[in-house]
Novice: 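Okay, handing you the structure first.
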Amino acid sequence: MRRLRAVPSADAAAVSDPFASDLIRCGRGDQVAFAALYDQLAPHIYGIVLRVVRDPSQAEEVTQEVFVELWRIAPRFDGQKGTVKAWSSTVAHRRAVDRVRSEQSARDRTDKESQKRITETDVVAEAVETTFDQARVRRALAQLTPGQREAVELAYFGAHTYREVAVLLGVAEGTIKSRIRDGMIRLRDELGAEAP
Amino acid sequence: MTSDLDLHHLAAAYALDALDAGERIAFEAHYHDCAICSQDVRDFRSTLAAVGELSVSAPPASMKASVLGQIAVTRQLSPRVATRTVVTAPERRPWLLAAAAVLLVFVATTAFVVGRGSQTDDAFASQLEQVLAEPDVRLVDLPATSATTDGHFRIAWSAGSGKAAVLADGLSAPDSGLVYELWLIDDSGAWATGMLDAADDGEVHRILSLTGNPIKWAITIEPEAGTVSATGEILFVGDA
């Protein structure tokens, strides 16, 4: 069932997107605009990638790939489909997960190390410095049940499929699917659909 | 079994990149045409971008120069042009099938005349004729999902004989180690059916033996070594 939300998304987000104008200029080949965008987005993008792949040198490699990809596809950015930050985060996460999974499948082919896959639930680290946005996200995450939060984090930061999460936790696939869905809906409702 | 309703429930897992290859392809084939799922994916991606605030981390300082150096020598894609109309399956009118069959044969034979005319091509031509002669043959166009993807796929599918003839032309060669992959999408998910090697001339002529009850067909590019988890976007898709 779909819940009603008071928060507007899409159009309003596109209009208020602080990076949209830079990105549109990137789409026209403006490398200076891209450099500015890099400064704004790099800590965010690198952070997501590092969190997923964990190894700093690999994270650096993947992050570079992400930025080159963002440059390449910039002319096709569609503000109606979300903000620049959401779009770039999506590209970054997908790349990071691809890297983890392709290494995983290469390992699976050569030996049976699949069970050695990271299994710890890594609770979002308590940062020393907390920005306003971070505090807001922490409050939102705290609204999830422990099971929902664990499932979402294992999937998103652990780069596991929901089926793998089910195996890791010894819980039925359907249950994990529901926890992920309910958890994401809760997060969305807490944070609003619009990314900061 | 995965009904449309179940597919709606995959939006969150999709946004988390937590679907396995088959489900991801099935969901992607579904969600662009589904207002609810498109909105969900959009919302969840925004939500996750916000969650990313928690992992913010300063990248190595040397990275910026390296990225800027790379983009300076990287060609950008062209923007999407005009509106791509949603392609729906043609009605099953016999005359249309006949006309399309003639076209398929024409496309195929032209390729042979221009091309190598090798034994494999002859074998393909006769198998294609057999598929087209099946009473239940269905012809499907798989247009590119993006204006910047080169080429075109067509499939002649006969459920009765379990044969699919796959034709493509104008394809660009995938990077080394990658090949085109055909996916059969049915009620229960997406199934990898076969790796399709594009010849140097960007053409594919393949006969596949398949079982299933496809709703859609889709093409991605995948690693040659086998698809443990699909990494490719859907490049071509068509309603079966």
Side-chain angles (χ1 to χ4, degrees), chain A residues 2 9-10 13 27 29 31 34-35 38 42-44 46-48 50-51 60 63-64 67-68 71-76 81-83 85-86 89-90 93-94 97-98 101-102 105 108 124 131 133-134 137-138 152 155-156 160-163 165 177 180-181 184-185 187-188 191 193-196, chain B residues 6 8-13 15-21 23-24 36 38-60 62-64 66-68 70-80 146-148 223 225-233:
Chain A
R2 189 154 170 77
S9 60
Q31 296 178 30
F34 190 79
Y38 174 93
H44 189 87
Y46 177 70
I48 290 173
L50 179 65
R51 196 64 197 280
E60 187 175 344
T63 304
Q64 292 192 33
F67 274 104
V68 173
W71 165 259
R72 209 173 67 83
I73 63 180
R76 304 222 310 229
K81 291 185 178 168
T83 61
K85 202 173 225 182
S89 302
T90 300
H93 188 263
R94 173 71 64 86
V97 167
D98 283 348
R101 291 196 188 148
S102 66
S105 69
D108 282 353
V124 172
T131 66
D133 287 334
Q134 289 173 340
V137 175
R138 286 222 174 78
V152 168
Y156 192 66
H160 300 290
T161 65
Y162 78 84
R163 290 181 204 276
V165 173
K177 229 193 304 193
I180 283 178
R181 180 177 162 74
M184 285 301 294
I185 289 172
L187 264 185
R188 177 189 68 188
L191 289 170
E194 189 182 341
Chain B
D6 291 332
H8 293 318
H9 288 168
L10 292 179
L16 291 165
D17 293 319
L19 296 181
D20 56 31
E23 281 176 321
R24 186 168 76 72
I36 295 171
S38 301
Q39 182 68 51
D40 277 349
V41 168
R42 203 176 307 161
D43 288 353
F44 291 146
R45 283 178 172 166
S46 280
T47 303
L48 289 167
V51 171
E53 292 302 324
L54 294 182
S55 48
V56 165
S57 178
S62 60
M63 209 168 81
K64 183 175 177 181
S66 168
V67 165
L68 295 181
Q70 288 179 65
I71 65 136
V73 294
T74 301
R75 196 187 179 287
Q76 292 182 295
L77 294 180
S78 307
R80 290 183 200 281
S146 139
T148 54
T227 305
V228 177
S229 77
T231 54
E233 301 285 326

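Chain identifiers are assigned alphabetically (A, B, ...) following the order of the sequence lines, protein sequences preceding nucleic acid strands; residue numbering begins at 1 within each chain.
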Novice: What distance separates B:Leu10 CG from A:Lys177 NZ, expressed to the nearest 0.5 Å?
Specialist: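 Going from CG on B:Leu10 over to NZ on A:Lys177, the span is 5.0 Å.
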Novice: Which is it for B:Asp40 and A:Arg188 under the side chain to side chain contact (heavy atoms under 4.5 Å, CB included) test, yes or no, and what are the steps along the way?
Specialist: CA-CA 10 Å; B:Asp40 277 349; A:Arg188 177 189 68 188; 3.2 Å; yes
Novice: Atom CG of B:Asp43 and atom CG of A:Leu191: how far apart are they, to the nearest 0.5 Å?
Specialist: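 Nearest 0.5 Å value for the CG-CG distance: 11.5 Å.
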Novice: Kindly indicate whether the side chain of A:Tyr162, heavy atoms from C-beta on, has any atom under 4.5 Å from the side chain of B:Leu19.
Specialist: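 Yes, close enough: below the 4.5 Å cut-off.
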Novice: Is any side-chain heavy atom of A:Phe34 closer than 4.5 Å to a side-chain heavy atom of B:Val67?
Specialist: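 SC-SC contact between A:Phe34 and B:Val67 confirmed.
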Novice: Say whether, by atom type as modelled, one donor and one acceptor occur between the side chain of B:Gln76 and the main chain of A:Trp71 under 3.5 angstrom.
Specialist: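 Checked: pair present.
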Novice: Applying side chain to side chain contact (heavy atoms under 4.5 Å, CB included), run through B:Arg45 and A:Lys81 and close with a yes or a no.
Specialist: CA-CA 10 Å; B:Arg45 283 178 172 166; A:Lys81 291 185 178 168; over 6 Å; no
Novice: Which atom pair, heavy atoms only, marks the closest approach of A:Gln64 to B:Ser66?
Specialist: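 In terms of heavy atoms, the two residues are closest at OE1-OG, 2.7 Å.
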Novice: Minimum heavy-atom separation for A:Ala42 to B:Pro59, with atom names?
Specialist: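 For A:Ala42 and B:Pro59, the tightest heavy-atom pair comes out as CB-CG, 3.8 Å.
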Novice: Between B:Glu53 and A:Arg138 (salt bridge meaning N to carboxylate O under 4.0 Å), is one present in this structure?
Specialist: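 Looking at A:Arg138 together with B:Glu53, the answer is no, because their closest N to O distance does not fall below 4.0 Å.
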Novice: Which one wins on heavy-atom pair count under 4.5 Å against chain B: A:Ala35, A:Gly27, A:Pro75?
Specialist: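 When all of A:Ala35, A:Gly27, A:Pro75 are compared, A:Pro75 has the most.
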Novice: Is A:Ile73 close to chain B through its backbone or its side chain, or both, or neither, when contacts mean heavy atoms under 4.5 Å?
Specialist: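 Both parts, backbone and side chain.
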Novice: Using non-hydrogen atoms only, which part of B:Ala72 is less than 4.5 Å away from chain A: side chain, backbone, both, or neither?
Specialist: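 Interface part for B:Ala72: both.
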Novice: How far does OG of B:Ser57 sit from CZ of A:Arg51, to the nearest 0.5 angstrom?
Specialist: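 Rounded to the nearest 0.5 Å, the OG-CZ separation comes out at 10.5 Å.
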Novice: Just do the side chain to side chain contact (heavy atoms under 4.5 Å, CB included) check on A:Glu60 and B:Ser62 with the steps written out, would you?
Specialist: CA-CA 10 Å; A:Glu60 187 175 344; B:Ser62 60; 3.9 Å; yes
Novice: Out of A:Ser89, A:Ala74, A:Pro43, which one racks up the most heavy-atom pairs below 4.5 Å with chain B?
Specialist: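 Option with the greatest count: A:Pro43.
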Novice: To the nearest 0.5 Å, what is the distance between NE2 on A:His160 and CG on B:Leu16?
Specialist: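 These two atoms lie 12.5 Å from each other.
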Novice: Counting heavy-atom pairs under 4.5 Å with chain B, which one of A:Val152, A:Ile48, A:Val97, A:Thr90 comes out on top?
Specialist: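 When all of A:Val152, A:Ile48, A:Val97, A:Thr90 are compared, A:Thr90 has the most.
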Novice: Quick check on A:Tyr156 against chain B: is it the side chain, the backbone, both or neither that has a heavy atom closer than 4.5 Å?
Specialist: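 Both parts, heavy atoms under 4.5 Å.
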Novice: Within the 4.5 Å heavy-atom criterion, are A:Arg163 and B:Asp20 side-chain neighbours or not?
Specialist: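 Counting from C-beta outward, A:Arg163 and B:Asp20 do come under 4.5 Å.
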Novice: Counting only non-hydrogen atoms closer than 4.5 Å, does B:Ala58 touch chain A with its backbone (N, CA, C, O), its side chain (CB onward), both, or neither?
Specialist: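 Just its backbone gets close to chain A.
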Novice: Considering all heavy atoms of both residues, which atom of A:His44 and which atom of B:Ala49 are nearest to each other, and what is their separation?
Specialist: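 Looking at all heavy atoms of both residues, the shortest contact is CE1-O, 3.0 Å.
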Novice: Looking at B:Val56, B:Leu68, B:Asp17, which makes the most heavy-atom pairs under 4.5 Å with chain A?
Specialist: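 Counting heavy-atom pairs under 4.5 Å, the top option is B:Asp17.
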Novice: Please walk me through it: do A:His93 and B:Leu48 pass side chain to side chain contact (heavy atoms under 4.5 Å, CB included)?
Specialist: CA-CA 10 Å; A:His93 188 263; B:Leu48 289 167; over 6 Å; no
Novice: First locate atom OH of A:Tyr46, then atom CE of B:Met63, and finally report the distance between them rounded to the nearest 0.5 Å.
Specialist: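 Nearest 0.5 Å value for the OH-CE distance: 7.5 Å.
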Novice: Heavy-atom distances under 4.5 Å only: say whether A:Val68 touches chain B with side chain, backbone, both or neither.
Specialist: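 Contact with chain B is through both the backbone and side chain of A:Val68.
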Novice: Hey, could you give me the CZ/CG distance between B:Phe44 and A:Leu187, rounded to the nearest 0.5 Å?
Specialist: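 That separation rounds to 9.5 Å.
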